[in-house]
2 protein chains.
Amino acid sequence: MSEQTRMPAGRPSKGERTRARILAAAAELFAASGFHAVSLRDIAAHAGLTHAGLLHHFPGKDSLLIEVLDHRDREDAEVLSQVAPREHPEEFLRGVVRVVHRNMRTPGPVGLYARISTEAADPDHPAHAYFVRRYELLRAGLTEAFTALAARTGAPPGHDPALTAQTLVAVMDGLQTQWLLAPAAIDMHAAVVAFFARIGLDFRDVPPLPDRRSGSEPSSASTTSAEADT
Amino acid sequence: MSEQTRMPAGRPSKGERTRARILAAAAELFAASGFHAVSLRDIAAHAGLTHAGLLHHFPGKDSLLIEVLDHRDREDAEVLSQVAPREHPEEFLRGVVRVVHRNMRTPGPVGLYARISTEAADPDHPAHAYFVRRYELLRAGLTEAFTALAARTGAPPGHDPALTAQTLVAVMDGLQTQWLLAPAAIDMHAAVVAFFARIGLDFRDVPPLPDRRSGSEPSSASTTSAEADT
DNA sequence: GGGAAAACCTACCACATGGTTGGTTTTGCG
DNA sequence: CGCAAAACCAACCATGTGGTAGGTTTTCCC
């Protein structure tokens, strides 16, 4: 199924176009309200068909969620520069800042990972294994970047790249929750730039990524971002 | 209703004891699985009565959630030293570190605030207003503490107490999500201490709070903590 | 153009849910 | 001890849910 959701070189079939609409609708509604509060009938109505029609394309609700998350990951892989964290640690971290900056302009999609990741702490949640793995990869990528940076530029006493990595992931996730609750009160970009400043990295001059296309495109929470290069 | 859930000086009535059991069961199940995934029948079964019996004590599921959160807040107010962030900023922040340290030993309850706060980003969620206000108070308290500290000891150029406050809240929330997903991989206490170290505060020597009583007592995520003094 | 497959629909199923109603049992106070 | 109130229950209601079955409509390719 996963290769079928990738747009083939030719014009997409009716089924491919419908699956894309379903994934967009699901991403939007899961981001807004979480997995449990959204029904297949809700998603189907948003996508312009019935829930039975939706179930022709996806085996079930759990599978749909996993497909939405995988789809998001592939889109993020396309957006990010393919920078290796070990070889180009500072550039890799600049990419993180750019994604955070962009995400501030896309309130709808930011919630998808932030919201589903806390739901998925429940071992019975369909995305539990996905998020355990995802955070492992994210922390590993950032740990590599911070380790390489420390080796290159020296590090203060007691510097722990793994601790810094998990803290940076926490900052991005935690800021998203606060931002979703009170967007006017939170400056995610400034906070992330200030965090990097405290560990000796000046990212104030990092330009933001171009805006995404308008409409209900599924898009990424910032925690997606650094993982794609792993 | 709220003054009735506070234990009176005399021995508690049958109803008071039942409400306490219901609140404990609800806190535990909401922490484990979130508001939407848990039913009144689930909570009632955990508390040893039927869902109709539960509804004799609480007007509805939404009210029960709010009561669980308020009950937690009152318990936290009792646990924390009543330190004013403006007059005693460093002591106030030490209290934050102690609560974080204690919460690492209580995996069940940590999830209540972390989990419900991201659910509550949905404006239709019953706890939305509660969390908007809660984060405002939390950030305000920490901003006061960081402002007072900067005035007393000086601050580095570009220091922004409000930004530091929202970042600290983000670190604590974000670490909880990662910790719930992979407790062995995350050291919340070390990460929070390292965060403070980067802004010039040495809290490595802060002793943890004593453990909570065993059993299914409702208890707090660390983000509860600093707010009680406001 | 025709036919097979894809894509969709309506109707249904079994189950779950939050809440209500009317009744029974337990508690506690005079 | 008796009685009113509190605390609880079984049964029910209306609605919603994920998924299935069988059928219809649309698409697309030979």
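Here is the naming used below: chain letters follow the sequence lines, and residue numbers restart at 1 for every chain.
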Quick one: is [N] close enough that its OP1 or OP2 comes under 4.0 Å of any side-chain N or O from [X]?
X: A/His56; N: C/dC8; result: no
X: B/Lys61; N: C/dG18; result: yes
X: B/Thr50; N: D/dC9; result: yes
X: B/Ser39; N: C/dT17; result: yes
X: B/Thr18; N: D/dC8; result: yes

When the distance from [atom1] of [X] to [atom2] of [N] is rounded to whole Å, what number comes out?
X: B/His57; N: C/dG19; atom1: NE2; atom2: P; answer: 16 Å
X: A/His36; N: C/dG18; atom1: NE2; atom2: P; answer: 13 Å
X: B/Ile43; N: C/dT17; atom1: CD1; atom2: C1'; answer: 12 Å
X: B/Phe35; N: C/dG18; atom1: CZ; atom2: P; answer: 8 Å
X: B/Arg17; N: C/dG28; atom1: CZ; atom2: C1'; answer: 12 Å
X: B/Leu49; N: D/dA7; atom1: CG; atom2: C1'; answer: 9 Å
X: B/Arg41; N: D/dC12; atom1: CZ; atom2: P; answer: 14 Å
X: A/His51; N: D/dG16; atom1: NE2; atom2: P; answer: 13 Å

**OP:** Report the nucleotide, chosen from D/dC28, D/dA11, C/dG19, that has the shortest atom-to-atom distance to any side-chain atom of A/Arg11.
**Re:**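 That would be D/dC28.
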
Atom pair [atom1]/[atom2] of [X] and [Y] - distance to nearest 0.5 Å:
X: A/Arg139; Y: B/Gln178; atom1: CZ; atom2: CD; answer: 5.0 Å
X: B/Phe131; Y: B/Glu136; atom1: CZ; atom2: CD; answer: 13.5 Å
X: A/Leu175; Y: A/Asp187; atom1: CG; atom2: CG; answer: 9.0 Å

Original post:
Do you know the tightest heavy-atom contact between B/Ala120 and B/His128?
Top reply: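 Scanning both residues completely, I find the closest heavy atoms to be O-ND1, 2.6 Å.
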
Original post:
NA contact type, B/Leu55, heavy-atom cut-off 4.0 Å: base, sugar-phosphate, or nothing?
Top reply: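 Touches a base.
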
Original post:
Between A/Arg21 and B/Gly60, who's closer to the 5' end of DNA chain C by nearest nucleotide?
Top reply: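 Its nearest nucleotide being more 5', the pick is A/Arg21.
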
Original post:
Given the rule in the side-chain contact (heavy atoms from CB on, under 4.5 Å) test, do B/Thr177 and A/Tyr135 qualify, once you have shown the distances and angles that lead to the verdict?
Top reply: CA-CA 10 Å; B/Thr177 296; A/Tyr135 276 106; 4.1 Å; yes

**OP:** Please figure out whether A/Lys14 or A/Ala52 has its closest DNA chain D nucleotide nearer the 5' end.
**Re:**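 The residue whose closest nucleotide sits nearer the 5' end is A/Ala52.
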
